[in-house]
Amino acid sequence: MPRELPLSRTRNIGIMAHIDAGKTTLTERILYYTGKTYKIGEVHEGTAEMDWMEQEKERGITITAAATTCFWKNTRINIIDTPGHVDFTVEVERSLRVLDSAIAVFDSVAGVEPQSETVWRQADHYNIPRICFVNKMDRVGADYERTIQMIKERLFAVPLPLQIPIGSEDKFTGVVDIVNMKGITWRDALGEEAEEIVIPSELKDKAEEYRKNLVEILAEHNDNIMEKYIEGISVDADELKEAIRKSTISARVFPVFCGSAFKNKGVQPVLDAIIDYLPSPKDLKPVEGHNPNDYDEMFSREAGDKEPFSCLVFKIMSDPYVGALAFIRVYSGQAKKGETILNVSKNKKERIGRILRMHANDREDVNEVHTGDIVAVAGIRSARTGDTFTAPDAPILLEKMEFPEPVISKSFEPKTKADQEKFNAALKRLEEEDPTFHVHVDAETGQTLISGMGELHLEIIVDRLVREFNIQANVGKPQVTYKETITKKIVSEYKYLKQIAGQDQFGHVILELEPLKPGSGFVFINALKGDEIPSSFIPFIEEGVKSAMMAGVIAGYEMVDIKTTLIGGSYNESGSVDAAYRIAANLAVKDGAQKGHPTLLEPIMKLEVVSPDEYTGDVINDINIRRGKIEKIDIRKQLKVIEVSVPLSEMFGYATGLRSLTQGRASHTLQFSHYDLVPANIIEKIIGRITGAII
């Protein structure tokens, strides 16, 4: 069956921003104006189409990335609406991995906020073309030019303003289109009828200045525009559009638009910009991947239905009616329902059960999938986030995604033994869905610990276990996920010699343990120069080292940022066995860590507090008590913006404390930054809490 529209008429976009900037509100308007929905859903009323989870409706926030498809000017637009809360940043990461472009939404009052920076960096990582939408121009304090300046200064980007607002705050009525040099206003409440007007006289000079700046910026990236600019020849709208499109697709400039999604103003020009300036799959470089049989060999695959089929699984979702759904982005080729495809990541063949085109949690069955499509597939049981599926006779292994480690844990135990089996199955399903959600059993206490990216993340997980899986449980208080490391280079030797069932068990290793800079993780190096130990035992030695790293010597936390080098050992022809070398390596690491001046690492958070000036002193005093370090204080009109590095362990209950200090007038955002050394006096308190001792 041929595709409905040519590939050049496909756009795969994400909508990303800081929490409360208006991503979902913008998406709802896009769906309404494209005819996908017949009623505008509102986030604050819990009627937004894209916020379909009960937890999203109740809290008025987006928790899970939701996909949908709509059409505008004979073009298919596949949209993923992503969360803005930092606890769910993985949803943004995996969405951006498979998208071709994005709309970055900014609050015109707050400008570039902390999570705006985070999602922008994620998009930079994947070199994704973007357009910017400065939202909430109807709000008191809206400042379009200041937001553009913040995009330059905070995001190190080149904003390309293609509009200026007509009016501001409660007088915002429309925009001036700088490319076509005309005004656009919206008179009706639903914003369906756009009226073209002459640019208001008070904005003519400003519009001319913006037009001149637009040509100057484009001249730096386009020879044709440069030539006309030097010769003083005017550039027409079509030439400008072509130059803007090329520079946007190469991610050198970022067109900026403005409006008020909530007041239904400025959305249609953004839809036009998606068609005019953002890429189709054919406009981008061919996707690159590894040869599954030789990982060092790279090759590419063109976007096109005639190429061999290849796709990437970017999300797993449990559906109560269909079962596990694998969300895929198709990079090349096409596939039909019932066809056999290969999971290259696991070298396992699967048959496609159903192909579903998603609209939030609603689904529509389709018979086949084409290049550029974003759909959900049922029936491929081995699929996990990051897996590559291809035609069986043309495998390619696409780049996997990397996800941050959890920083916070809670104990979680079902109230009845009858729930235990159901509980284990539910946790397994949630782990498959969310790569930043981990489950493990504490070896000493036997407690089940669930770990995630923040308090809200775990709160949602617990809520889902109760509602979706009907499991009543006892939930412990939040605990910080610390890590351990060493601070001194040390050589550790261990000789394991034991007789089991009359058979000697021999393993002997000499390891050098060396601290690495923060964030380096774990490194194992085999530096043996002779044949002291046969090469067949080396993998078991590495295995022993890795298992030792999983439980540190201070409080049993994972050890990181340590380089372990195998520098010596010996071999006994009659007694050397795999298990003995694994045990010897494990115990050598533990002994070495004890002597290497071990210490704890704690997660450090980036905190931003926006507070009225009169409360600044109290806020700073409270931050100092919480071991926070003030990085920067900015002035934002009548407000102070305080940027801080602070340990996560000191931030439990901070929202309530800040409300109390500032009579509810301050706001804050918190996101993970890095791990850092814990002061010695704090280590004693932490160990005391863990062991139950009184320090």
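Of the charged side-chain nitrogens involved, at least one lies within less than 4.0 Å of a carboxylate oxygen, so that K73 and D272 count as a salt-bridged pair. By the 4.0 Å N-to-carboxylate-O rule, D100 lies too far from K282 to be salt-bridged with it. Ionic pairing of E608 and R154 is present here: one or more N-O contacts between side-chain nitrogen and carboxylate oxygen are shorter than 4.0 angstrom.
For the pair R11 and W72, the cation does not sit on the ring face, since its NZ or CZ is not both under 6.0 Å from the ring centre and inside 45° of the axis.
Partners of E614 by salt bridge (Lys or Arg N to Asp or Glu O under 4.0 Å), not counting sequence neighbours, listed by chain and number: R665. With sequence neighbours excluded, no residue forms a ring pair (Phe, Tyr, Trp, His ring centres under 6.0 Å) with H221. For K182, the salt bridge (Lys or Arg N to Asp or Glu O under 4.0 Å) partners are E196, not counting sequence neighbours. Partners of Y615 by ring pair (Phe, Tyr, Trp, His ring centres under 6.0 Å), not counting sequence neighbours: none found.
When all heavy atoms of M137 and Y144 are compared, the pair lying nearest together is CE-CB, 3.9 Å. Taking both residues in full, the closest heavy atoms of V176 and L203 are given as CG2-CD1, 4.0 Å, listed atom of the first, atom of the second, then distance. For the residue pair I642 and V644, the shortest heavy atom distance occurs at CG2-CG2, 3.7 Å. Here the closest heavy-atom approach between residue R187 and residue E195 is recorded as NE-OE1, 3.4 Å.
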List the atom pairs, donor and acceptor, that lie under 3.5 Å between side-chain atoms in residues 102-112 and the rest of the protein, sequence neighbours left out.
{"residue": "D107", "atom": "OD1", "partner": "V109", "partner atom": "N", "Å": "2.8"}
{"residue": "D107", "atom": "OD1", "partner": "A110", "partner atom": "N", "Å": "3.4"}
{"residue": "S108", "atom": "OG", "partner": "N135", "partner atom": "O", "Å": "2.9"}
{"residue": "S108", "atom": "OG", "partner": "K136", "partner atom": "O", "Å": "2.8"}

Distance-only criterion, 3.5 Å: show the donor-acceptor pairs between side-chain atoms of residues 250-260 and protein atoms not counting sequence neighbours.
{"residue": "S250", "atom": "OG", "partner": "K246", "partner atom": "O", "Å": "3.2"}
{"residue": "S250", "atom": "OG", "partner": "S247", "partner atom": "O", "Å": "3.0"}
{"residue": "S250", "atom": "OG", "partner": "R252", "partner atom": "NE", "Å": "2.8"}
{"residue": "S260", "atom": "OG", "partner": "D138", "partner atom": "OD1", "Å": "2.7"}
{"residue": "S260", "atom": "OG", "partner": "K263", "partner atom": "N", "Å": "3.2"}

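A side-chain contact (heavy atoms from CB on, under 4.5 Å) with I30 holds for exactly one of T68, T25, I15; it is I15.
No donor-acceptor distance shorter than 3.5 angstrom exists from the side chain of S660 to the backbone of T656, with no hydrogens or angles considered.
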